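Here's the structure we're looking at; comments come further down.
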Amino acid sequence: MEKTSTLPGEFELIARYFAPLAAGFPGAFGLLDDAAVIAPLPGHELVAKTDAIVGGVHFLPDDPPDLIARKALRVNLSDLAAKGAVPRAYMLDIMLPRTVTEDWIAAFARGLAQDQDAYRVHLIGGDTDSTPGPVTIAIMAFGDVATGRMLRRGGAREGDTVFVTGTIGDAALGLKVLRGKLAHLNTRAANFLVDRYRLPQPRVTLGPRLIGLASAALDVSDGLLADLRHICEVSELAAVVEAPRVPLSTAVRAALATNSERITTVLTGGDDYEILFTAPPAVLNELTELSKTLGVPITAIGRMESPPIGKKAQITVLDESGEPLAFDRSGWTHF
Ligand code: ADP
Ligand code: MG
């Protein structure tokens, strides 16, 4: 990064704010070498995942920097969790415009430190650059999974039940709150939804426990229906979702009470970072136990079926009277 009048140089920034985050990981060499080394635990392989977030696209420029950092890390941990992996380490590529202050970077690093403690992961390397564009952050996370056991999108079978963790639609409606819509909601409900948008809760303890139970899994980032479609496509099956069974928070119920059409946003909006998975009905009791033990809600919302002859994999959403609901959009896409 070129020197600017407001920021210390690249190496000083790394030493001051990022090297302390690498202190607990010997293979990071204090961020003083060109690269890091990381070995999987015996009998395991490393699951790797990267996700970038861009100012003005994935977060608002004046969002609190610590929350931006934590969301950037957590969206990656969510993918690892959905794959059954236990998070170990991450790398950080950060592109900073000249307008960024050192206070901003300090707060950003504090956010990372907080979540490193919460999720027991360490920073092991990265890259720091300046950019003429908005703040851009790419994180790559690594986690351990028993060799050959990573949960895939493609393992669902006909007759499997479709499950989802937590509640759906909070983040999508949280974004609406931030955009000044949903003004009729009470402050508590509005704050809950915004929190769910700004700070996902990756299901890191549950994910690894789904190995041996789930037949297919992914995390809900594009939207419930779009992500279920991903499982359908790779598993070459169709799915039926019963809309009244989709788990909703009190805040989302309040938003639906004044406008029932918001169910479209709930089912197709993104950023839930819950785990959507399929499992044979025979493991229902085990899942119920697991849900209780870990305190993570797990709800059955539908089933996997064979696709109609001549048709590609597809999703049917049924309303409370068993009638199919129509959707013009099945999730958010970038292009
Ligand atoms: P190189 O000159 O080989 O490209 P750098 O000077 O970019 O290496 O980085 C030096 C060290 O600092 C490397 O270990 C790199 O992984 C680490 N590093 C650079 N930027 C970051 C960052 N934003 N977060 C964590 N580590 C970083
Ligand atoms: Mg080098």
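Model, not experiment: these values are computed from the prediction. One-based numbering, in listed order, for ligands and for the atoms of each.
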Would Lys176 count as a cation-pi partner of Tyr197, with NZ or CZ less than 6.0 Å from the six-membered ring centre and within 45° of the ring normal? no
Does the distance from a Lys or Arg side-chain N to an Asp or Glu carboxylate O, for Asp66 and Arg110, drop under 4.0 Å? no
Of all the atoms in ligand 1, which lie at a distance below 4.0 Å from a heavy atom belonging to Ile94? 23 (N)
Should you measure from each heavy atom of Asp33, which atoms of ligand 1 turn up under 4.0 Å away? 11 (C), 13 (C), 14 (O)
The atoms of ligand 1 lying under 4.0 Å from a heavy atom of Asp34, numbered in the order shown, are 3 (O)
Within the 4.0 Å heavy-atom shell around Glu10, which atoms of ligand 1 are there? 6 (O), 7 (O)
Sequence neighbours left out, cut at 3.5 Å: what donor-acceptor pairs do the side chains of residues 149-164 make with other protein atoms?
from, atom 1, to, atom 2, distance (Å)
Asp160, OD2, Arg157, N, 2.9
Asp160, OD2, Ser215, OG, 2.6

Heteroatom proximity flag, Met91 to ligand 1, N/O under 3.5 Å: no
When you measure from the side chain of Asp115 to the backbone of Gly111, do you find a donor-acceptor pair of N or O atoms at a distance under 3.5 Å? no
Which part of Ile14 is near ligand 1, with near meaning a heavy atom under 4.0 Å away: side chain, backbone, both or neither? side chain
Side chain of Glu274, backbone of Ile168: donor and acceptor closer than 3.5 Å? no
Would you mind running through ligand 1 and noting each atom that sits below 4.0 Å from a heavy atom of Gly125? 16 (O), 24 (N), 25 (C), 26 (N), 27 (C)
Looking only at atom types and distance, does a side-chain atom of Arg88 sit under 3.5 Å from a main-chain N or O of Ile38, one as donor and one as acceptor? no
Do any N/O atoms on Leu32 end up under 3.5 angstrom from N/O atoms on ligand 1? no
Basic-acidic side-chain contact under 4.0 Å: Glu289, Arg209: no
In the hydrophobic clustering that connects Ile, Leu, Val, Met, Phe, Trp and Tyr at side-chain heavy-atom distances below 4.5 Å, which members other than Leu199 occupy its cluster, ordered by chain and number? Leu67
Considering only heavy atoms of Leu31, which atoms of ligand 1 have at least one such atom less than 4.0 Å away? 11 (C), 12 (O), 14 (O), 25 (C), 26 (N)
Under 4.0 Å from one or more heavy atoms of Leu92, ligand 1 contributes atoms 22 (C), 23 (N), 24 (N)
Just which atoms of ligand 1 are under 4.0 Å from any heavy atom in Phe11? 6 (O)
